[in-house]
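Everything numeric here is computed off the predicted structure, so don't read it as measured data.
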Amino acid sequence: MDSSVKSELTIQGIAASKGIAYGQVFLYLQSELEIPRYTVDPDKRVAEIARFEQALIATRQQIAKIQEQVTKNLGEEEALIFDAHLMVLEDQALIGETIRDFQKTGLNIETCFNAVAERYIKAFSEIDDEYLRERAADIKDVTKRVLHILLGQAASSLTELVEQRIIVAHDISPSEAAGIDRSSALSIVTDAGSHTSHAVIVARSMNIPAVVGVRDLTTQVKNGDWVMVDGYDGVVIVNPTEQTLFRYGKIQKAKASFESRLMTVNELAAETLDGVAVTLRANIEKPDEAALVKQYRGAGVGLYRTEFLFLSSTRLPTEDQQYAAYREIVSGLAPAPVTIRTLDVGGDKPLPGDPHLIGPEANPFMGFRAIRVSLENSAMFKDQLRAILRASAHGAVELMYPMISGTDELDRANALLDEARAELKARGLAFDPAMRVGTMIEIPSAALASDLLAGKCDFFSIGTNDLIQYMLAIDRGNNRIAHLYDPSHPAVLRVLKQVVDAGHARKIKVSVCGEMAGDPIYVPLLLGLGVDELSMTPTLLPAVKYLIRAMKLSDARKLAEDALVQTDPKKTYAMIEAFYNERMQVE
């Protein structure tokens with residue numbers, strides 16, 4: 001490479017899989033399918049439907065084969081990605097709607113299927129939940145496979161990659177990612193994508209760096225260009241200079257050493273230097289993520305988001321279906337506790353099983369959502385409450401209500417919980433009568449009334465993401481003001497302290513399950529304020545535990561005292577950052 005001819009270009013993306021890679025680009029450009037549109041003769045319409053059904057069968061066979069390959073090459077956990085694809089092919093709403101459109105319009109089945117799939121893809125893409133938006137990618141991937149078969153075309157494949165290269169693409173579907181030879185891929189970089197995209201999951205399982213959301217990188221590089229990928233900070237450097245290569249060589253060595261230290265320390269207890277034990281638990285969304293809790297030594301689950309069960313199905317899950325999912329997690333992690341949050345959906349997360357239950361809203365974050373939906377749909381809510389209660393017979397379960405604004409909502413929810421208990425007792429079904437019941441503190445009114453709520457529940461769990469957003473009137477999705485979202489704001493610190501004190505006055509546990517809990521910079525501050533327990537994404541546990549073992553709680557309390565009297569959030573952040581840097585040095 002002659003770096004004097006081509007200038008260095010640095011592009012910021014989203015760090016998705018840790019590591020640093022340097023190599024030449026393999027530009028993977030997926031072309032859009034051209035779908036013919038024509039009317040099918042009436043006497044050929046039965047055969048057209050049969051052609052569609054055969055394409056679905058052939059696609060199932062393809063995906064099953066890919067799943068088998070992934071199981072062999074990467075492991076069973078990574079192969080679970082394709083369960084979602086097989087579910088799409090079994091989705092009677094998607095299939096039935098396609099056939100109804102065909103019978104109504106008479107247009108060829110490719111046109112009808114593509115139109116219906118696009119509607120589903122659009123609906124899921126608009127859900128304001130990073131994990132669930134990825135379901136749109138599942139549908140898109142499966143749709144492309146079915147259409148390729150219907151059109152008699154061979155799909156392009158990353159199996160063409162035969163030499164060690166850095167894959168650059170607009171996006172990579174799960175089945176495309178599955179075709180990557182791990183010995184040939186140095187890194188994956190995509191224009192689109194998020195932390196939870198399937199390409200990221202595969203990259204992590206292959207232990208290669210990945211950066212996503214790099215916008216139009218595919219238009220700025222060509223095959224053979226040299227790039228440096230920094231999966232720690234989400235940076236891609238095109239045509240790096242010798243100076244940059246030297247600098248990253250040192251960074252890579254230090255990072256590798258540090259990561260090794262983190263995993264070694266993660267086997268030890270989460271205990272401060274002055275002998276105070278800290279409970280670290282994990283946030284999960286699906287039953288199969290329980291394996292990550294064990295892998296990263298989480299002391300149970302501090303937040304199980306139950307929305308996935310409701311949002312991944314075209315029908316509302318029954319009590320028995322929910323019970324089976326909750327029981328799998330609870331029994332799999334027993335005796336470690338599992339905190340199950342009741343349904344938290346709104347206009348940003350419409351329910352496919354009942355799209356009219358909530359409906360679109362101008363401001364869904366302050367609309368008909370979470371506990372409000374549950375209280376207005378008591379039959380659906382009690383199905384979930386009974387399922388959670390039944391799961392409590394298989395291990396330590398805690399139940400938690402989202403978006404409680406005051407004591408009235410908490411009283412109404414607990415009254416329905418009492419009804420659910422009585423119904424199970426009448427049916428002779430087992431449950432834990434002493435199951436602990438908690439309240440999420442994520443609305444300013446709940447925080448300010450925390451002394452009143454503390455007398456009516458067994459624990460608090462502070463959802464810092466929403467609490468800060470509501471308190472500071474900041475929409476984190478709005479690029480013009482997202483920078484104003486500041487956990488070190490004096491108002492935020494005062495409210496956190498108020499909630500902790502209110503809980504402790506009533507001798508109840510106070511935990512944090514928002515992003516602050518998984519950010520090592522803020523961990524000393526939270527512990528210094530008196531927070532009893534932290535819950536985070538499983539992969540963040542090692543870094544948090546490392547910091548806890550490198551600090552004294554007495555020092556963290558002094559840090560919190562100083563932060564509470566500070567008026568400038570920038571100076572507050574500088575204080576907590578300095579505290580972090582002194583104890584979390586990367587050699």
Side-chain angles (χ1 to χ4, degrees), residues 1-31 73-74 137 156-259 539 586:
M1 179 188 70
D2 186 358
S3 56
S4 64
V5 177
K6 298 178 181 179
S7 59
E8 180 177 281
L9 173 66
T10 300
I11 304 170
Q12 182 67 54
I14 300 168
S17 181
K18 294 177 181 178
I20 293 171
Y22 172 63
Q24 289 180 283
V25 167
F26 176 85
L27 192 58
Y28 179 59
L29 298 176
Q30 308 97 314
S31 58
N73 296 330
L74 299 178
S156 58
S157 174
L158 279 167
T159 54
E160 298 167 19
L161 182 64
V162 291
E163 296 179 357
Q164 286 202 320
R165 291 287 188 271
I166 289 172
I167 299 168
V168 177
H170 174 70
D171 202 0
I172 298 175
S173 71
S175 54
E176 288 170 332
I180 300 171
D181 182 344
R182 65 166 66 200
S183 65
S184 300
L186 295 172
S187 173
I188 296 174
V189 182
T190 60
D191 291 341
S194 65
H195 287 290
T196 57
S197 65
H198 291 306
V200 171
I201 294 169
V202 171
R204 287 174 183 162
S205 68
M206 294 170 68
N207 199 28
I208 60 173
V211 176
V212 299
V214 198
R215 287 183 282 242
D216 57 349
L217 181 65
T218 51
T219 65
Q220 300 184 60
V221 296
K222 63 180 185 301
N223 276 315
D225 280 351
W226 290 84
V227 297
M228 173 74 72
V229 179
D230 178 354
Y232 294 103
D233 294 327
V235 171
V236 178
I237 303 172
V238 184
N239 305 317
T241 63
E242 292 298 329
Q243 185 179 2
T244 298
L245 291 176
F246 178 74
R247 177 165 57 89
Y248 267 96
K250 293 177 68 176
I251 291 172
Q252 187 169 20
K253 186 177 179 181
K255 291 284 190 182
S257 172
F258 187 59
E259 291 289 335
T539 54
V586 180

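Residues Leu27 and Val221 are in side-chain contact: their nearest non-hydrogen atoms beyond the backbone lie under 4.5 Å apart. Using a 4.5 Å heavy-atom cutoff, the side chains of Thr218 and Val168 are in contact. Side-chain contact between Gln220 and Leu9: present, with at least one pair of heavy atoms (C-beta onward) separated by less than 4.5 Å. In this structure the side chain of Tyr248 reaches within 4.5 angstrom of the side chain of Val235, judged on heavy atoms.
Between Leu245 atom CG and Met228 atom CE the span is 4.5 Å, to the nearest 0.5 Å. Distance check: Trp226 CH2 to Ile166 CD1 gives 9.0 Å after rounding to the nearest 0.5 Å. Rounding to the nearest 0.5 angstrom, the gap separating the OH atom in Tyr28 from the CG atom in Asp171 is 10.5 Å. Here the CD1 atom belonging to Ile237 is positioned 9.0 Å from the CD1 atom belonging to Ile20, to the nearest 0.5 angstrom.
Between Pro209 and Val229 the shortest heavy-atom distance is CB-CG1, 4.4 Å. Heavy atoms only, all atoms of each residue included: Arg165 and Val25 are closest at CD-O, 3.9 Å. Heavy-atom minimum distance, Leu217 versus Val189: CD2-CG1, 3.5 Å. Between Tyr22 and Pro240, the closest heavy-atom pair is CE1-CG, 3.6 Å.
Thr190 contributes no side-chain N or O that, together with a main-chain N or O of Val212, makes up a donor-acceptor pair within less than 3.5 Å. Using modelled atom types, one side-chain atom of Gln12 and one backbone atom of Gly234 make a donor-acceptor pair closer than 3.5 Å. Within the 3.5 Å criterion, the main-chain N or O of Thr219 finds no donor-acceptor partner in the side chain of Asp216.
Heavy-atom contacts from other residues, nucleotides or ligands closer than 6.0 Å to CZ of Arg215 number 12 or fewer.
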Worksheet entry | Worked check of side chain to side chain contact (heavy atoms under 4.5 Å, CB included) between Ile208 and Leu186 | CA-CA 6 Å; Ile208 60 173; Leu186 295 172; over 6 Å; no
